Every structure is written in structure tokens, then in C-alpha cells.
Number of protein chains: 2
Amino acid sequence: MASPTTTSSTASAAPRKRATGNRSEASDPRSRVPRRNDDGRLVRGRKSRARIRQAALELFREKGFDGATLRAIAARAGMGASSIYRHVASKEELLIEELADLQEDAWAQFRNTDERAHSTRQRVNHFLDVQHEMLTRDRDLSLIAMRSTTKPDAAVSRRVLALYDRTIGLLAEILQMGRKNKDLSPNVNVLQAAQALFHVTLGARIAWSNGLVSAEGCRKSIQAGVNILFEGLEK
Amino acid sequence: MASPTTTSSTASAAPRKRATGNRSEASDPRSRVPRRNDDGRLVRGRKSRARIRQAALELFREKGFDGATLRAIAARAGMGASSIYRHVASKEELLIEELADLQEDAWAQFRNTDERAHSTRQRVNHFLDVQHEMLTRDRDLSLIAMRSTTKPDAAVSRRVLALYDRTIGLLAEILQMGRKNKDLSPNVNVLQAAQALFHVTLGARIAWSNGLVSAEGCRKSIQAGVNILFEGLEK
DNA sequence: GAAAAACGGCGAACAGGATCGCATAGCGGC
DNA sequence: GCCGCTATGCGATCCTGTTCGCCGTTTTTC
């Protein structure tokens, strides 16, 4: 791993398609944008998607992500394993869809309970608490999200990264408001600060999802990080 | 993923051994602690390990981690694929071994160039720079290390986590010294601070390894995080 | 120095995610 | 009512990490 020779990427550089691969390109279902938009006619597909999702949800809960076989998910959804790939690009995507929804909920919940009168630090802590609560409900959520980001050329990676970005954006908004209110030093770069905050939570969650600390310990660790970031280390 | 039902873990809960599995337990080579310690007489094994490692190294560089097949590695090392498992518990371990070595080198390099007279912030930046340089030489290094930590019950995960811990420990040492020298506020918790610093670097590296920022951008991002942590956000 | 135990290697097999090629169904246009 | 298009489904198959059971070799033990 020492010299920066050439193609060192996690992705198998070659597309590894079977040589015969001539699935007329335009009709390849794996190009995830449906050509015909679903105006209500494609009922069967939507029902299948719902069934797949439900089955995946249940099995993930019962056996964990890695314990839930695609074939088992498919069976419970009442179809063959390969059919799942008509609706989803990878197994991970099944979980990430869920994560995206829960994120949305968490953000909404924050918006509904946010008090702009509170100090910036309080608001940040509140935001991270809501986020924390959502994520610690299911270990796999953080875990598989993280794992996805180790597959740079998979679509699911970009999806997760986008969620991360959105989270950072929301944090930046809070900080921005705080800076305007003279709650924060005027020369902080809110985006960088938001990133730092987010990364601290991410790191704490690694420890939690590996069972090194309890959910509460994770929360404490996040709070400690927030405090340091706000107060600084220097005297 | 909503309710905290029961067994929701990434690991397939059941050990999934084949029912017949009665590999006399005591003689199972997969229990990675060799019964007999290598005092120099077990030459064949050591040569094999070296060949495997070399082959893996080359192929990872040529094709990337995911692109390098175990069968290919084995072939280049002149043995069957299954034999590799006499020496290594998983493919990931092959890369992590490398990472551990490079870490050691990086830490040594830091020790050799560290100037205790410098400010704590300078020393931290130097430490992280050395670390950064080492890690950005190979994208897979950070990537697969991260991926490993998403498999909590695998040995390789614990190995990586230990490396993380050691890094945090070294950072904490620097901070501790800084606190003694009144370089830092006396009431900072050095361990928490070190964790926060480390997590910021980890987060920046996710962005880098996904191609969102250049190596230099990653470095800048880390530095920005360090600055925020030292100076604090509050005015 | 012989039995016991650990080492190290092999080919077959397994599991599980993903892909292929073909078949069918639903819909709009004519 | 037929055509053509896309969506959806299926079973076989691929690929790859990993495990199994077996066996020859080396080291330890007594």
C-alpha cells in the first residue's frame, strides 16, 4: 500500500459484466429512473415495492441486516429473489430507504420542537439529541449507512452521503443563525463547524454501534464533543 | 427499523456452522492464537505468510481491494484459495495488517520529528499531518478500515478499533502535555478532546475516500476542524 | 523413537448477493 | 383489436468469501 502506483480503488475497476451483456441498454431496468412515470397505473409494481419493503423491514428487525437473506426477504414478499432487483439496486438500499424516511421524521420532529429563543448550543444539542434517539433505535441503521460509504461507486453510497450533507446543512443553518445573533464568534466558518459537529457524532456512533459504549454513553460523548467545540480547548 | 424488538444486530445471530461441524475444537486452525509459538522453526508457514502478504499487497494495488479476488491472491502466492485461511481470518485482515504496520511507521515518524517546544496546536497538526500523509497514500486503507468497523463481531473490527484507540491515546498524550504547560484550558478533558479531534479527521477522510474532496482538501478540512476545536465557536 | 498433536495444504462445497435471458402483463396509440 | 413499449417476474447461473473434511508433514511429548 506504499507507493501510489495506479488504480487503487475499492471498486473493481472493470465493470465485470458478463461478456454477453447486451441488455438493450435503454431497457435495462437497473437504470433506476423509470421511463414511464408512475401516474397510478403501475399498481402491481407499487404493491410489490411495498411488500418488499415490509418484508425487509420485518426481517431486518428479526435477524439483523446481515442475517436477513435476500432470498428470505423475497420469499416473505411472495416473489423470487431476483425480482427484488427490479425495484431496488442493492440490499443495502432497502435499509437506506428506511433511514432516509426516519431522517425526515427526525428533522420534522426537531422543527416542531425547536425553540429559536434558546441558545445556539442548546438548539444544537436538541438537534443532535433527536437525531441520536432516532439512530439508536436500530443499530444497523448507523452501521449499514457507514458501511455503504465504503463503496464509493455504489449509488447507495451517494445516497447516504447526501443524507450526511443534509444533516450538516441543517446544523449549519442553526449555527448561521447563532452567528447572526452574536451567539457565536463572528469569524467562525459555519459550514466547517457544522461538519466538525457532525463528524463528532459520527465517531461517537461508531463506538456505540460496536458495543463499546451504551446509547447513553454515546449521547454523553456527543455532548462532550459539542461542549468542546463551543468552548474551545485553548485558555 | 422503528421498534427495538429483539435481535437486531448486523451479525447473523446464529453461528451458522454446518451441522456436521466437529473440527475437534482444540485443533481448529481458525482459533487464531497458534498453539505453538513461532520460535523460528516453523519456516514453511512463515514463508507462506510472506508470499500471501506480498501477493495481496500487489493485487490490492493493481485492482483495489474489492477487485482483488482471494483466488487471484492465492494463485499468485502459489497455493489454493482455502489455504489462505490457515494464515488469516478474513480478506480484510490482509489489508488491516498492512494498515497496522503503516500506522506504526507513521507514529515513529512523528516521534522522530516532533518538537516538544512547539505549541500544542502545532504538535497536534503535525501529528495529524503525518497520519494524513500515510493514509492518503492508499484510498482502500481508510475505506476498508471503516468498513471493518461495520462488522462488530468480526475480529478485524476489534483490531481497527484498537488502532483508532491507540491514535486517540497518542493525541491525548499531546494534549495532556499541553494542559500541563498551561497551553490548554485546565478544565478540558483530554480524552474527550482527543476523541473529538480523531473523529473530525475520520469524517474528513470519508469525504476524501469517496472522492468528494482531494487529499489536499481533506487536509485543509482537518486543519479547519482542529482550529475550531482549539479556538471554540463561542465568542 | 513412537505416539500425539499442531501445522499447513487441497479440492469440493456452501451461502448469499447479484446478473442474465427470456416470458408475461399493462398501457397508450392507432 | 392489434402493435409496440415498458414494467415486472422468474429460474438458472455467476461470483466470491468462506467453511469442510481429509491428509501429509513437522514438532512436541514421554
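All chains are named by letter (A, B, ...) in the order of the sequence lines, taking the proteins before the strands, and each is independently numbered beginning at 1. Treat the numbers as computed from the prediction; the structure is a model and nothing was measured.
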Query raised in the report: What is the minimum heavy-atom distance between A:S157 and A:T149, and which atoms define it?
Result: OG-CA, 4.0 Å
Can a side chain N or O of [X] be found less than 4.0 Å away from OP1 or OP2 on [N]?
{"X": "A:H87", "N": "D:dA7", "answer": "no"}
{"X": "B:R49", "N": "C:dG8", "answer": "yes"}
{"X": "B:S48", "N": "C:dG9", "answer": "yes"}

Atom [atom1] of [X] and atom [atom2] of [N]: how far apart are they, to the nearest Å?
{"X": "B:I84", "N": "D:dT16", "atom1": "CD1", "atom2": "C1'", "result": "12 Å"}
{"X": "A:K47", "N": "D:dA7", "atom1": "NZ", "atom2": "C1'", "result": "16 Å"}
{"X": "A:M79", "N": "C:dA18", "atom1": "CE", "atom2": "P", "result": "16 Å"}
{"X": "B:Y85", "N": "D:dC22", "atom1": "OH", "atom2": "P", "result": "22 Å"}
{"X": "B:R86", "N": "D:dT25", "atom1": "CZ", "atom2": "C1'", "result": "13 Å"}
{"X": "B:I73", "N": "D:dT16", "atom1": "CD1", "atom2": "P", "result": "12 Å"}
{"X": "A:K63", "N": "C:dA15", "atom1": "NZ", "atom2": "P", "result": "14 Å"}
{"X": "B:R46", "N": "D:dT25", "atom1": "CZ", "atom2": "C1'", "result": "17 Å"}

Requested in this report: Would you kindly check whether a donor in the side chain of A:T69 faces an acceptor in the base of C:dG16, or vice versa, at under 3.5 angstrom?
Outcome: no
Report task. Could you check whether A:S83 gets within reach of a base, just the sugar-phosphate, or nothing at all, counting any heavy atom under 4.0 Å? Result -> base
Report task. Tell me what A:A68 touches on the nucleic acid: a base, only sugar-phosphate, or nothing, going by heavy atoms under 4.0 Å. Result -> sugar-phosphate
Query raised in the report: On the ring face of A:W208, is A:R139 found with NZ or CZ under 6.0 Å from the centre and within 45° of the axis?
Result: yes
Report task. Output the single nucleotide from D:dT18, C:dA12, D:dA12 whose closest atom is nearest the side chain of A:S82. Result -> D:dA12
**Report entry** Residue B:L70, side-chain atoms from C-beta onward, closest of C:dG17, C:dG9, D:dT18
**Finding:** D:dT18
Query raised in the report: So, B:R49 and B:H87: side-chain donor and acceptor under 3.5 Å apart, yes or no?
Result: yes
Query - First encountered from the 5' end of DNA chain C, between B:R71 and B:R51 - result: B:R51
Query raised in the report: How are the rings of A:F110 and A:F127 set to each other: parallel, tilted or perpendicular (split at 30° and 60°)?
Result: perpendicular
Query raised in the report: How long is the gap from CG on A:L102 to CG on A:L135, to the nearest 0.5 Å?
Result: 8.5 Å
